[in-house]
Amino acid sequence: MANNIVVLGAGVSGLTTAYLLSQDPANKITVLAKHMPGDYDIEYASPWAGANYMPVGKEGSAHHKWERDTWPALKEITEKYPEAGIHFRGTLIYNRKKDQETDTGKWFSELTQPNPWYKDVVPDFKNVPSDQLAPGVDNAQEFTSVCINTAVYLPWLVGQCIKNGAVFKRAVFKHIADAANAHHTGQKADVVINCTGLSSKTLGGVLDDKMYPARGQIVVVRNDPGPMMSTSGTDDGEDEALYIMTRAAGGGTILGGSYQKHNWNGIPDMNLANRIMKRCIDICPSLVTKGQGIEGLDIIRHGVGLRPLREGGTRIEKDKVDGVAIVHNYGHGGFGYQASFGCAYTAVSLVKEVLQNKSRAKL
Ligand code: FAD
């Protein structure tokens, strides 16, 4: 018996969930979304991400489990499918204890501590010897991570889903229950998976007022310094960040950033952009030719994305709205890629529960 499934949302959360579900031929999947890969819009977080794997989930939390479970999948895709636009990259993390009470410092507190859980997950983890630390840095570590070229990876996910029979359609919904009536077969969907990110705040039937943005501003440049790096904070502001991510497959280098909670402004702030570029050159002089400042950066574009944060954490659970079975998978903040497979595995197991109940009801 076929299972009619609607995935609402085509960001990394919706596409990863659809990708896993599409591997079972019994699932007939329609992916519906206002924005699709190729679009750049302030309502669509996924294209703006770096994106890399820098775990931030607190040890013992569900978030920790989702990130831990995502690494093997990203590693496998990197090794088996070079066309997915992911590569391995050396990564350096610098921690300054003075950042620990700032928004950025709290966000990165698990990432930057000297003995994090992820040391047993990522390859080549080692602490930098204390006599090699730059002034002001209290501890530092290096490991091998991945960097995802989102402009290649998101379309790759779409392609995998289509190859497995999924159908993609543009659609905008005011109410989540309406999505159940838009399955490509013309039949009502058995379940709708809600992967609408920050829009879950305003989508009828969900209206989750725990959702809020953390604004991330970036500069994408052609310069390629090699390794990735990140710090626990900056001296320019408590909600500003410093990271460098070198994307695979000619995707350029992402210079970041900011973590501005409750800030919805989609326009790049050029003063912030200058601070971002200066900070990145200070920490990584090899970004430019010796002696150059920000004039040595070859800018592709400035960008702003809104990380879909949720008070109390990501929501992955079953729900019923106006008689329609829903599985929510939204609220992934700044970790939507690095937790993508872990979250999607949980969502898929809930979808299976919904479908089993449907089969039992029909017996
Ligand atoms: P989105 O990508 O926002 O997708 C939502 C989808 O739902 C869209 O297709 C949209 O059109 C659709 N939709 C919404 N409402 C409706 C509606 N009413 N009707 C129809 N369709 C609708 N994460 C990492 O893991 N690593 C990183 O290095 C990283 N770096 C980041 C850097 C920046 C600057 C930013 C902004 C984010 C970063 N993130 C990173 C976080 C990551 O980008 C997000 O967690 C992730 O993209 C969220 O994906 P999503 O699919 O849940 O939401």
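For ligands, and for the atoms within them, numbers begin at 1 and follow the listed sequence.
Scanning the protein for heavy atoms near atom 23 (N) of ligand 1, the closest one is G334 O, 3.1 Å. Scanning the protein for heavy atoms near atom 10 (C) of ligand 1, the closest one is H35 ND1, 3.8 Å. The single protein non-hydrogen atom nearest to atom 20 (C) of ligand 1 is A171 O, 3.1 Å, given as residue, atom name and distance. With hydrogens left out, the protein atom closest to atom 18 (N) of ligand 1 is F173 O, 2.8 Å, a heavy atom. Among all non-hydrogen protein atoms, the one lying nearest atom 2 (O) of ligand 1 is S46 OG, 2.5 Å. Of the protein's non-hydrogen atoms, S13 OG, 2.8 Å is the one closest to atom 52 (O) of ligand 1. Of all protein heavy atoms, the one closest to atom 15 (N) of ligand 1 is S199 CB, 3.2 Å. The single protein non-hydrogen atom nearest to atom 16 (C) of ligand 1 is T196 CG2, 4.0 Å, given as residue, atom name and distance.
Checked by distance only, ligand 1 and R307 stay at 3.5 Å or farther apart across all their nitrogen or oxygen atoms. The shortest N/O to N/O separation between A33 and ligand 1 does not fall below 3.5 Å. Between L306 and ligand 1, a contact under 3.5 Å exists for no N or O pair. The shortest N/O to N/O separation between N52 and ligand 1 falls below 3.5 Å. For ligand 1, the polar-atom distance check against Y337 finds a nitrogen or oxygen pair separated by under 3.5 Å. Any N or O atom pair closer than 3.5 Å counts here, and L8 shares no such pair with ligand 1. The distance criterion of under 3.5 Å between nitrogen or oxygen atoms is not met by A51 with respect to ligand 1.
The closest approach between Y330 and ligand 1 stays at or above 4.0 Å for every heavy atom of the residue. Not close to ligand 1: M36, with no non-hydrogen atom less than 4.0 angstrom away.
Look at D69 and K65 and you find a salt bridge, because one of the NZ, NE, NH1 or NH2 atoms lies within 4.0 Å of a carboxylate O, short of that distance. The pair D282-R279 does not meet the salt-bridge criterion, since no charged nitrogen lies less than 4.0 angstrom from a carboxylate oxygen. Contact check on D39 versus R170 returns a salt bridge, with a Lys/Arg side-chain nitrogen under 4.0 Å from an Asp/Glu carboxylate oxygen. A salt bridge is absent between D239 and K106: the closest approach of a Lys/Arg side-chain nitrogen to an acidic carboxylate oxygen does not fall below 4.0 angstrom. A salt bridge between D208 and R310 is present, with a side-chain N of the basic residue lying under 4.0 Å from a carboxylate O of the acidic one.
Looking only at atom types and distance, the side chain of T314 has no donor-acceptor partner in the side chain of H332 under 3.5 Å away.
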CA sep, side-chain torsions, deciding dist, call: K28, D24, salt bridge (charged side-chain N to carboxylate O under 4.0 Å, His left out): CA-CA 9 Å; K28 303 291 171 230; D24 180 347; over 6 Å; no

Can you list the steps and then say if D235 with R275 is a salt bridge (charged side-chain N to carboxylate O under 4.0 Å, His left out)? CA-CA 10 Å; D235 292 332; R275 294 196 293 277; over 6 Å; no

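With a heavy-atom cut-off of 4.0 Å, K174 does not touch ligand 1 at all.
In this structure, of A49, G333, A45, the residue bringing a heavy atom nearest to atom 41 (C) of ligand 1 is G333.
Under a 3.5 Å cut-off, the side chain of Y118 and the backbone N or O of L111 do form a donor-acceptor pair.
Within 6.0 Å of NZ on K75 lie no more than 12 heavy atoms contributed by other residues, nucleotides or ligands.
For the pair R301 and Y40, the cation-pi criterion (under 6.0 Å, within 45° of the ring axis) is fulfilled.
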